[in-house]
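Reviewing the structure listed below.
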Amino acid sequence: MDMDRSDPTPLYKQVARVMRERIESGEPRPRDPIPSGIARNTARLAVALLRAEGWVITLPQRGGFVAGEPPADAPETDRTHG
């Protein structure tokens, strides 16, 4: 995941944007684990933002997962293609 460190947008918001775009495109699919590979604090903040927006759910001691349904105010996308 490439982030632009010269962008004034906080890194966790950039990560959340990229993750949101991937979820909207159908990768990862509903109930898939949220991908990792970034600093723990950045990931925690990005997942918290996506959880607040309704894109992901978190389960204690299991981690974050793509929500089964996109948020009600999300743009129309086909997340069921396979």
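Start at 1 with the first residue, then count along the sequence. The shown structure was predicted, so the numbers you read here are calculated from the model rather than taken from an experiment.
Between I34 and V66 the shortest heavy-atom distance is CD1-N, 3.8 Å. Considering every non-hydrogen atom in both A67 and P30, the closest pair reads O-CB, 3.6 Å. In this structure, A16 and L49 approach most closely via the heavy-atom pair CB-CD2, 3.7 Å.
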Scan the side chains in residues 58-65 for donor-acceptor partners under 3.5 Å anywhere in the protein, sequence neighbours excluded, and list what turns up.
{"unit_1": "T58", "atom_1": "OG1", "unit_2": "R51", "atom_2": "NH1", "d": "3.3"}

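Residues that satisfy the side chain to side chain contact (heavy atoms under 4.5 Å, CB included) test with I38, not counting sequence neighbours, are V15, T42, A43. With sequence neighbours left out, L45 forms a side chain to side chain contact (heavy atoms under 4.5 Å, CB included) with Y12, N41.
Between E24 and W55, the closest side-chain pair of non-hydrogen atoms falls below 4.5 Å.
Listed by first and then second residue, the salt bridge (Lys or Arg N to Asp or Glu O under 4.0 Å) pairs involving residues 31-40 amount to none (not counting sequence neighbours). For the salt bridge (Lys or Arg N to Asp or Glu O under 4.0 Å) condition, the pairs that include at least one residue of residues 10-19, sequence neighbours left out, are R17-E21.
Side-chain heavy atoms closer than 4.5 Å link hydrophobic residues (I, L, V, M, F, W, Y) into clusters, and following such links, possibly through other members, connects V18 to I23.
Panel note: side chain Q14, backbone D4; a donor-acceptor pair is recorded below 3.5 Å.
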